[in-house]
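Heads up: the structure comes next, in structure tokens.
Throughout, a chain's letter reflects where its sequence line sits, starting with A, and its residues are numbered from 1.
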Number of protein chains: 2
Amino acid sequence: MTTDTDRPAQPRIPLSRDRVLQAAVRLADDSGIDAVTMRRLASELGVEAMSLYYHVASKEELFDGMVDMVVAEIEERCGGFSVPGDLDWKSALRKRILTARQVMLRHPWAPGVLETRTTMSPRMVLYFDTVLGIMVEGGFSFDLGHHAMHALGSRVLGFNQELFAPDSDTQEDQADEMLAQMAERVPYIVGMMQEIVHDGPEETLGWCDDQTEFEFSLDLLLDGLEQRLG
Amino acid sequence: MTTDTDRPAQPRIPLSRDRVLQAAVRLADDSGIDAVTMRRLASELGVEAMSLYYHVASKEELFDGMVDMVVAEIEERCGGFSVPGDLDWKSALRKRILTARQVMLRHPWAPGVLETRTTMSPRMVLYFDTVLGIMVEGGFSFDLGHHAMHALGSRVLGFNQELFAPDSDTQEDQADEMLAQMAERVPYIVGMMQEIVHDGPEETLGWCDDQTEFEFSLDLLLDGLEQRLG
DNA sequence: ACCTGAACACCGTTCAAGT
DNA sequence: ACCTGAACACCGTTCAAGT
């Protein structure tokens with residue numbers, strides 16, 4: 001005989017906004033963002049869907065909260081958001097952005113959700129402030145800093161927005177299909193694919209190494225900004 | 001007395017895939033992408049929702065088709081997709097991309113839908129081939145061209161992906177709120193906003209001129225690529 | 001060949017009610 | 001203060017049936 005409650009594992013932790021958000025992030029990580037419905041999330045927490053509304057005003061607010069959790073993770077990995085005094089702006093920015101990228105890679109749903117946000121959390125604003133701060137302390141005018149934020153776009157937060165998001169299987173299949181079906185109509189793409197398939201190292205699955213591409217464009221932008229600075 | 005049919009305007013044009021797609025694009029233009037539901041679209045065409053499935057396999061395929069319509073519009077404005085022989089790569093690319101941007105501005109829903117596509121239409125592949133072609137004929141290696149496509153990202157298709165998509169009203173309100181509430185915690189952003197508000201020309205609503213920002217980052221990237229080319 | 005009615009299995013959200 | 005049941009107004013999609 002146990003006590004009154006004989007539920008298997010959880011002895012009965014009361015719900016809280018934080019627990020809701022954590023569960024939502026975990027669910028999205030594990031099963032994709034489409035799995036995050038109010039009903040499914042609730043059942044994951046051993047509760048009815050309507051209980052969630054006590055801790056979160058709407059699904060939009062849930063998404064806001066999830067994004068904020070991710071930003072908090074970036075903050076943690078950066079050891080807090082503050083403008084470093086020692087490094088030069090370029091390597092400081094590069095480092096921070098690549099840290100953000102590591103976090104984003106663990107939450108593949110985050111970029112998509114982020115883009116649909118209509119408002120920024122204070123923590124996010126703080127993040128942007130330190131990024132801008134690194135630039136300004138590095139000699140940027142406010143104007144150039146402003147342009148730079150727009151130019152970097154999603155890269156400030158560590159993701160290259162891909163124009164198409166093929167399921168990893170589809171990527172190669174599609175390439176093959178193209179080569180076969182419209183080969184003579186798209187000579188440049190065919191040429192590019194042939195060269196890259198030949199030259200590419202063994203470990204590159206498909207034919208784009210995302211990390212390489214991310215760093216290429218990041219450095220392209222940073223170099224360009226450095227020049228505008230002179 | 002009229003004929004058998006006495007419907008108000010449309011005498012009875014039969015449905016077709018093309019008419020469905022056209023109506024969907026118009027509906028998204030007018031009322032936003034969320035208004036594009038199968039039921040609403042059908043009623044716009046004076047038909048039942050289920051009839052649409054005869055011309056379009058699923059809602060995903062409907063979205064694919066809508067995006068393809070937009071690409072077709074770009075093709076039209078470019079006078080067809082073919083690699084020009086006369087211009088230098090930089091201005092040729094710039095021109096094509098700014099043309100694409102004009103089309104995207106008329107279909108504000110298109111960027112968002114595009115990013116969720118998992119497959120490219122042949123027409124889209126063709127577009128990318130000419131963009132790559134302009135680079136290659138301008139002296140790019142296939143490898144640099146490949147990197148360049150990734151670096152340009154959504155800009156090849158004429159849009160700066162904005163990290164946040166605030167309703168135009170909210171943009172200013174939010175700025176004010178920030179200035180008021182966390183002024184001392186985000187000194188750089190506050191500094192930037194003050195300077196830009198003071199310096200900005202009268203006609204700049206809010207405090208970002210999207211066209212200016214778009215061209216700034218586009219040129220930053222094009223200049224950077226030119227340098228990698230040398 | 002083209003269109004439809006009825007139905008299924010979902011959504012987010014409201015609201016009055018329970019403890 | 002916290003959670004719930006029942007219900008509302010939607011979705012996309014299937015399938016057998018109509019003309």
**Complete:** Nucleotide by nucleotide, nucleotides 6-19 of chain C touches protein heavy atoms under 4.0 Å in the pattern (B base, S sugar-phosphate only, - none) BB---BBBB-----

**Item:** A:Leu163 versus B:Gly153, closest heavy-atom pair with distance
**Value:** CD1-O, 3.8 Å

**Donor-acceptor contact present, side-chain A:Tyr127 to main-chain A:Val156, <3.5 Å** = yes

**Asked** Cut-off 3.5 Å, side chains only: do B:Gln211 and B:Arg101 have a donor facing an acceptor?
**Response** yes

**Request:** Give a yes or no answer on whether the side chain of A:Ser154 reaches the backbone of A:Phe159 with a donor-acceptor pair at less than 3.5 Å.
**Result:** yes

**Message:** With heavy-atom distances below 4.5 Å as the criterion, would you say the side chains of A:Val20 and A:Leu15 are in contact?
**Reply:** yes

**Prompt:** Using Watson-Crick and G-U wobble pairs whose two distances are both under 3.5 Å, how do you write the pairing of DNA chain C as dot-bracket, with | for links to another strand?
**Reply:** ||.|||||...|||||.||

**Asked** Any donor-acceptor pair under 3.5 Å linking the side chain of A:Lys59 with the backbone of A:Val36?
**Response** yes

**Prompt:** Between the side chains of A:Asp29 and A:His107, does any donor sit under 3.5 Å from an acceptor?
**Reply:** yes

**Message:** Rounded to whole Å, how long is the line connecting atom CG of A:Leu52 with atom P of D:dC2?
**Reply:** 14 Å

**Atom pair distance, as rounded to whole Å: CG in A:Leu45 and P in D:dT4** = 11 Å

**Request:** Report yes if at least one side-chain N or O of B:Tyr54 is closer than 4.0 Å to OP1 or OP2 of C:dC2; otherwise report no.
**Result:** yes

**Item:** Derivation of the side-chain contact (heavy atoms from CB on, under 4.5 Å) call for B:Met192 and A:Met149
**Value:** CA-CA 12 Å; B:Met192 180 180 76; A:Met149 298 291 278; 5.5 Å; no

